[in-house]
Amino acid sequence: MTNIASYTVPLILASVGFLFLTSKKDLFNEFIQGAKDGLETLINLLPTLIMLVVGVSMFRASGGLDIISDFLAPFFALLNIPKEIIGFVIMRPFSGSSSTVMLNDIFTQYGADSFAGRAASLIMSSSDTVFYVFAVYFGAVKIKKTGYALSAALLTQLFCAVSACFIAGFFWGI
């Protein structure tokens with residue numbers, strides 16, 4: 001099985017090379033056009049992504065996340081979401097890298113086998129970075145009015161957090 005895995009990438013590259021050489025279509029120019037289109041999409045999305053990354057970093061560094069976490073703690077307590085992961089739950093829709101760092105902080109402070117660590121792991125694996133996805137996909141096709149998509153995505157994110165805490169409590173106790 002290990003040999004198959006080690007030969008997969010070279011086999012794919014050789015197959016693509018063979019197709020380039022034997023195809024009657026001009027695949028090289030198609031490849032170049034695809035690369036140009038990809039770079040144009042990147043150039044259109046880059047300002048939005050930079051703004052998102054800088055904004056999230058400023059929000060965390062300013063202490064705004066802590067203030068909002070403290071303010072929303074009673075609401076999250078009603079949903080059985082522990083105080084230790086409120087900041088993580090709030091940050092998850094905004095930034096994947098920031099929520100990964102916060103997950104590592106939860107592991108370091110409370111332990112990976114703690115209720116907070118297990119619940120945060122479940123949230124991380126069952127949810128996505130809503131605003132990043134919106135910036136990339138809706139930005140790529142230049143949709144400015146998202147309708148109910150954002151509210152549905154954020155409600156799904158909240159559902160993931162509540163379900164993760166329920167599942168962690170059910171399987172590992174609170």
Side-chain angles (χ1 to χ4, degrees), residues 5 34 37-174:
D37 292 345
L39 285 174
E40 287 177 17
T41 303
L42 176 67
I43 289 169
N44 291 334
L45 292 176
L46 199 56
T48 305
L49 296 176
I50 289 172
M51 182 200 67
L52 187 63
V53 169
V54 169
V56 166
S57 298
M58 288 173 55
F59 183 61
R60 280 194 73 195
S62 70
L65 181 62
D66 296 331
I67 292 169
I68 290 177
S69 295
D70 291 340
F71 178 74
L72 292 176
F75 170 72
F76 281 108
L78 292 173
L79 299 173
N80 292 324
I81 297 174
K83 189 174 187 336
E84 298 88 11
I85 65 170
I86 292 175
F88 172 76
V89 170
I90 293 169
M91 193 55 65
R92 180 70 181 139
F94 291 96
S95 171
S97 58
S98 185
S99 56
T100 301
V101 169
M102 293 179 83
L103 180 65
N104 189 38
D105 292 345
I106 291 169
F107 289 165
T108 302
Q109 188 170 359
Y110 303 104
D113 289 333
S114 67
F115 178 72
R118 288 177 171 164
S121 295
L122 288 170
I123 293 168
M124 186 74 163
S125 62
S126 66
S127 62
D128 203 352
T129 53
V130 172
F131 291 102
Y132 175 79
V133 169
F134 269 62
V136 170
Y137 294 111
F138 283 105
V141 292
K142 296 178 177 56
I143 294 176
K144 295 194 188 295
K145 295 182 180 180
T146 59
Y148 295 110
L150 181 61
S151 56
L154 292 174
L155 281 174
T156 302
Q157 195 84 4
L158 183 61
F159 176 77
C160 287
V162 172
S163 299
C165 292
F166 172 78
I167 290 169
F170 181 78
F171 284 105
W172 296 290
I174 294 178

Check your understanding: How many angstroms lie between CD1 in Ile90 and CZ in Phe76, if you round to the nearest 0.5 Å?
Key -> 5.0 Å
Point to revise | Smallest separation among heavy atoms of Phe115 and Ala168, with atom names | key: CE1-CB, 3.5 Å
**Study point:** Gap between atom CG of Leu154 and atom CG of Leu158 - 0.5 Å precision
**Key:** 9.0 Å
Review point. To the nearest 0.5 Å, what is the distance between CD (Gln109) and CE (Met102)?
Key: 10.5 Å
Exercise for review: Walk me through it: do Phe138 and Val133 pass the test side-chain contact (heavy atoms from CB on, under 4.5 Å)?
Suggested key: CA-CA 8 Å; Phe138 283 105; Val133 169; over 6 Å; no
Exercise for review: Any chance you could lay out the side-chain contact (heavy atoms from CB on, under 4.5 Å) test for Val162 and Ile81, step after step, and finish with the verdict?
Suggested key: CA-CA 7 Å; Val162 172; Ile81 297 174; 4.1 Å; yes
Revision key, fill the gap. When rounded to the nearest 0.5 Å, the distance separating CD of Glu84 from CD1 of Ile86 is 8.5 Å
Point to revise | Nearest-0.5 Å distance that lies between atom CD in Gln157 and atom CD1 in Ile123 | key: 8.5 Å
Point to revise | Stepwise side-chain contact (heavy atoms from CB on, under 4.5 Å) check, Ser121 with Phe107 | key: CA-CA 9 Å; Ser121 295; Phe107 289 165; 3.2 Å; yes
Enumerate donor-acceptor pairs with a distance under 3.5 Å from any side-chain N or O in residues 93-101 to protein atoms, sequence neighbours excluded.
from   : atom 1 : to    : atom 2 : distance (Å)
Ser95  : OG     : Ser97 : OG     : 3.4
Ser95  : OG     : Ser98 : N      : 3.0
Ser98  : OG     : Arg60 : NH1    : 3.4
Ser99  : OG     : Arg92 : NH1    : 3.2
Ser99  : OG     : Ser95 : O      : 2.9
Ser99  : OG     : Gly96 : O      : 3.0
Thr100 : OG1    : Gly96 : O      : 2.7

Exercise for review: Using the six-membered ring wherever Trp is involved, compare the ring planes of Phe170 and Phe166 and label them parallel, tilted or perpendicular (cut-offs 30° and 60°).
Suggested key: parallel
**Study point:** Minimal non-hydrogen separation, Ile106 against Ala120, with atom names
**Key:** CD1-CB, 3.9 Å
Exercise for review: Could you please spell out the steps behind the side-chain contact (heavy atoms from CB on, under 4.5 Å) verdict for Met124 and Phe88?
Suggested key: CA-CA 9 Å; Met124 186 74 163; Phe88 172 76; 3.9 Å; yes
